[in-house]
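Start at 1 with the first residue, then count along the sequence.
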Amino acid sequence: MARKQRIHYEGALYHIIARGNNKGYIFKCDEDKDLYLEKVFTYVEKYGGRLYAYVIMDNHCHLLIEAGDLPVSKIMQLIQQTYTSAYNRKYKHSGHVFEQRFKSILCEKDAYLLALVRYIHQNPVRAQIGELDYAYSSHKLYMNYDSKHCSVAEVLGLFSANKKKAIQLYYAFVSKADDVIKDLADRQMAPEFYEIEEKLYKISIEKKDSRLIIEAFERKNGISLELLKGKYLAHDLVLYRKTFVREMLRCGAMTQVEISKMLEISESYVSRIFNSGE
């Protein structure tokens, strides 16, 4: 089966999960983690991306990156390849260090940014290997309002314009578990994710329940419906929108008028999508 092409557009937010090959350790010591972080900082900044959060564990890592001009997939290739070369030289190892294809989940920034920052920073706590102040997490940068490598000021500014208050509110927020985002992220990382979500999507179509269809569509494709609104979209997002429109109309879950209002496009355009058969 051909791999799904990763969606890219400037400003897109991605939750990246990179794991060790065969579940092996990627980082054998703190020096390895320092080297990997150095490469993350270097390549994200060099190619105009923005890093919002990270956590580096022994056999996997989580990164929350906003794309610049260069697709995040290209940035990650540079990070993984250069780190793998250094790792293989150091440990006289040959072959893959990481799984060949890292997980890349496209997220709607306004809806998920804070929740994903919290999810990533809670990773050591959930794994029972550390607390929020885990050494290789960007949480400490948030607590110090340090924005040298992470865009912490933008995130903390969502809590308050006052730095001290923003940190206090952030800490209260990140200390609270978020089962919804944990469940979403865990299922998207599972190998059988697409197969399961495809079945759930088909069931929701059969029930003709627009709410269930929207939820299933978002989970199956790892994309928020908010990204499909408006006249001007990247080509890949247009394709997702056409698929959604056709499915909703074919099963009779929504009318053309309802879809046009939801997606903020004209009713005539909805009609053209449905009748084009592209």
(message) Using modelled atom types and a 3.5 Å cut-off, is there a donor and acceptor pairing between side-chain atoms of Arg241 and backbone atoms of Leu228?
(response) yes
(request) Please state whether the rings of Tyr170 and His121 are parallel, tilted or perpendicular, taking 30° and 60° as the class boundaries. (result) perpendicular
(message) Between Tyr171 and Tyr142 (side chain of the first, backbone of the second, donor and acceptor by atom type, cut-off under 3.5 Å), is there such a pair?
(response) no
(message) With rounding to the nearest 0.5 angstrom, report the CG to OH distance, Leu63 to Tyr36.
(response) 5.0 Å
(message) For a quick test of reading the model, state the closest non-hydrogen atom pair linking Ser138 to Cys150 and the distance between them.
(response) CB-SG, 4.0 Å
(request) Hey, can you tell me if Tyr91 and Tyr87 have their rings parallel, tilted or perpendicular (30° and 60° cut-offs)? (result) tilted
(message) Measuring from atom CG of Leu37 to atom CG of Asp32, what distance do you get when rounded to the nearest 0.5 angstrom?
(response) 11.5 Å
(message) Quick check: Tyr83 with Phe27 (ring centres under 6.0 Å apart)?
(response) yes
(request) Kindly compute the distance separating CD (Gln81) from OH (Tyr43), expressed to the nearest 0.5 Å. (result) 9.5 Å
(request) Please say which of Tyr54, Tyr52, Phe41 ends up in a ring-ring contact (aromatic ring centres under 6.0 Å, His included) with His149. (result) Phe41
(request) Output the distance between atom CD1 (Ile56) and atom CG (Asp30), rounded to the nearest 0.5 Å. (result) 12.0 Å
(message) Tell me the closest heavy-atom pair linking Gly230 and Ile265, and the distance in Å.
(response) O-CG2, 3.6 Å
(request) Give the intermediate values and the outcome of side chain to side chain contact (heavy atoms under 4.5 Å, CB included) for residues Tyr14 and Met76. (result) CA-CA 11 Å; Tyr14 298 88; Met76 287 304 300; over 6 Å; no
(message) When you measure from the side chain of Arg126 to the backbone of Tyr119, do you find a donor-acceptor pair of N or O atoms at a distance under 3.5 Å?
(response) yes
